[in-house]
Protein chains: 2
Amino acid sequence: MSTEGLKEARRLLRSQGKRVTPQRLLLFEVMQEHGGHLDADELYLLAKKREPRISLSTVYRTLSLLKELDLIEELHFDEEHHHYEIKGRGAEHYHLICLGCGEIIEFESPLTDHIKAQVKSDHDFEVTGAHIDLKGYCKRCRQRS
Amino acid sequence: MSTEGLKEARRLLRSQGKRVTPQRLLLFEVMQEHGGHLDADELYLLAKKREPRISLSTVYRTLSLLKELDLIEELHFDEEHHHYEIKGRGAEHYHLICLGCGEIIEFESPLTDHIKAQVKSDHDFEVTGAHIDLKGYCKRCRQRS
DNA sequence: CTACTTGCAAAGAGTTTGCTAGGCC
DNA sequence: GGCCTAGCAAACTCTTTGCAAGTAG
């Protein structure tokens, strides 16, 4: 399950042309394992236990990258101090992949539940997980042609 | 269905004076089976499971060869990082993958059309292709536990 | 047998990291 | 002071290339 999240992180980094570095994976992993919210310094100290050479700037840079990729959430408990936490691995989400510009839009749909129900009755198959990618063209790319 | 594509690949390679090597067939096959989009490294790792001696350079060289032969499509998710996918369509079918016994059942569902319609109205996104994998447990495997 | 291909190692292009030195409430 | 960013050389990721060994036709 936690490796699932890691793969997802790799995939997202890749698809955005970001490089998959050990530091980024380590920081993501630490956040995942820790579960709750962390601030930059706490994350730094935890990561340092495993990779003492990691730098605080990398922590900050990685946090904003992960936030940009929507993998973590920034919590403003107070003005001076930001906390971060892994985004809800809760609701399943799927992807719209634009073949024109490469943008990846995440979506959810209750219809996926209907598909599961149908598959259950048609094939007597109990679905536990789904992976849905829809490819096509986004509004902007369609307008350009 | 999938052997159809393989034969086509052989034929095309031949007709262009390219040699039909196990590596090229393997890589093409992996891409075909995977269905969705892959980048060079993902393809490399998948292929390595079946033929551990394959090299990353072969993956890159084969990808550009297959692109040249128009057997795969290069998706520019961003400037420097490319993804690839098998060309050519056909009746869309999706997969049920049993986590117990590994069986893969193909299915179709009109509901996928509804998802496309919904995605169109919600995100103004025109779907041209879909890749849907549902994982879970088939009847037999459920009865055994 | 000959020309095309592969695997390896290493180069290249471009990004990311770790420092150190600041900047901002 | 406490928290975060900037600038830059060095390190690294991803891709391509050169070459000797291997293989298809």
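Because only heavy atoms are used, hydrogens play no part in the values below, and waters and symmetry mates are left out as well, while side chains stay in. Numbers restart at 1 for each chain; the letters A, B, ... are given by sequence-line order, proteins then strands.
- The interatomic distance linking A:Leu13 (CG) with C:dT17 (P) rounds to 10 Å, in whole Å.
- Checked by atom type and distance alone, the side chain of A:Glu51 never pairs as donor or acceptor with a backbone atom of A:Lys48 at under 3.5 Å.
- Residue side chain B:Arg14 does not reach the base of D:dG25 through any donor-acceptor N/O pair under 3.5 Å, judged by distance alone.
- Put simply, CZ on B:Arg24 is 14 Å from C1' on C:dG7, counting in whole angstrom units.
- Follow the hydrophobic side-chain contacts under 4.5 Å out from A:Val119 and you never reach B:Leu99; the two are in separate clusters.
- Taking the six-membered ring for Trp and the full ring otherwise, the centers of B:His114 and A:His114 sit at least 6.0 Å from each other.
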Quick one: which protein N/O atoms are closer than 3.5 Å to N/O atoms of nucleotides 9-13 of chain D? Pair and distance per line, please.
| from | atom 1 | to | atom 2 | distance (Å) |
| --- | --- | --- | --- | --- |
| D:dT13 | O2 | A:Arg19 | NH1 | 2.6 |

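- Under 4.0 angstrom from either OP1 or OP2 of D:dC4 there lies at least one side-chain N or O belonging to A:Tyr60.
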Steps toward side chain to side chain contact (heavy atoms under 4.5 Å, CB included) verdict (B:Asp41, B:Leu43): CA-CA 5 Å; B:Asp41 193 59; B:Leu43 177 57; over 6 Å; no
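- Side-chain contact, A:Gln118 with B:Ser109: a donor N or O sits under 3.5 Å from an acceptor N or O.
- One finds a salt bridge joining A:Arg50 and A:Glu33 here, because a Lys/Arg side-chain nitrogen approaches an Asp/Glu carboxylate oxygen to under 4.0 Å.
- Using a 4.0 Å heavy-atom distance criterion, A:Leu56 is classed as making no nucleic acid contact.
- If you measure from atom NZ of A:Lys48 to atom P of C:dG18, you get 10 Å, rounded to the nearest angstrom.
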A:Lys135 and B:Val127: CA distance, side-chain angles, deciding distance, side chain to side chain contact (heavy atoms under 4.5 Å, CB included) verdict: CA-CA 6 Å; A:Lys135 280 165 271 185; B:Val127 174; over 6 Å; no
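- The terminal axes of the helix from C:dC1-D:dG25 to C:dC25-D:dG1, fitted over 5 pairs per end, subtend an angle of 40° to the nearest 10°.
- Atom CG in B:Leu38 sits about 16 Å away from atom C1' in D:dC14, given to the nearest Å.
- Side chain of A:Thr62 to main chain of A:Arg24: no donor-acceptor pair is present (N/O by atom type, distance under 3.5 Å, no hydrogens or angles).
- Atom pair A:Ile54:CD1 and C:dC19:P shows a separation of 11 Å (rounding to whole Å applied).
- Within the structure, every side-chain polar atom (N or O) of A:Ser55 is placed at least 4.0 Å from both OP1 and OP2 of C:dT17.
- For a distance-only test at 3.5 Å, the side chain of A:Ser57 qualifies as a donor-acceptor partner of the base of C:dC19.
- We find that NE2 of A:His82 is positioned 11 Å from C1' of C:dC25, with the value rounded to whole Å.
- Each of C:dC8, C:dT20, D:dC8 was ranked by its minimum atom distance to the side chain of A:Arg61; first place goes to D:dC8.
- The distance from atom CD of A:Glu42 to atom P of D:dG2 is 16 Å, rounded to the nearest whole Å.
- Look at A:Glu74 and A:Lys67 and you find a salt bridge, because one of the NZ, NE, NH1 or NH2 atoms lies within 4.0 Å of a carboxylate O, short of that distance.
- The CG atom of A:Asp39 sits 12 Å away from the C1' atom of D:dC4 (whole-angstrom rounding).
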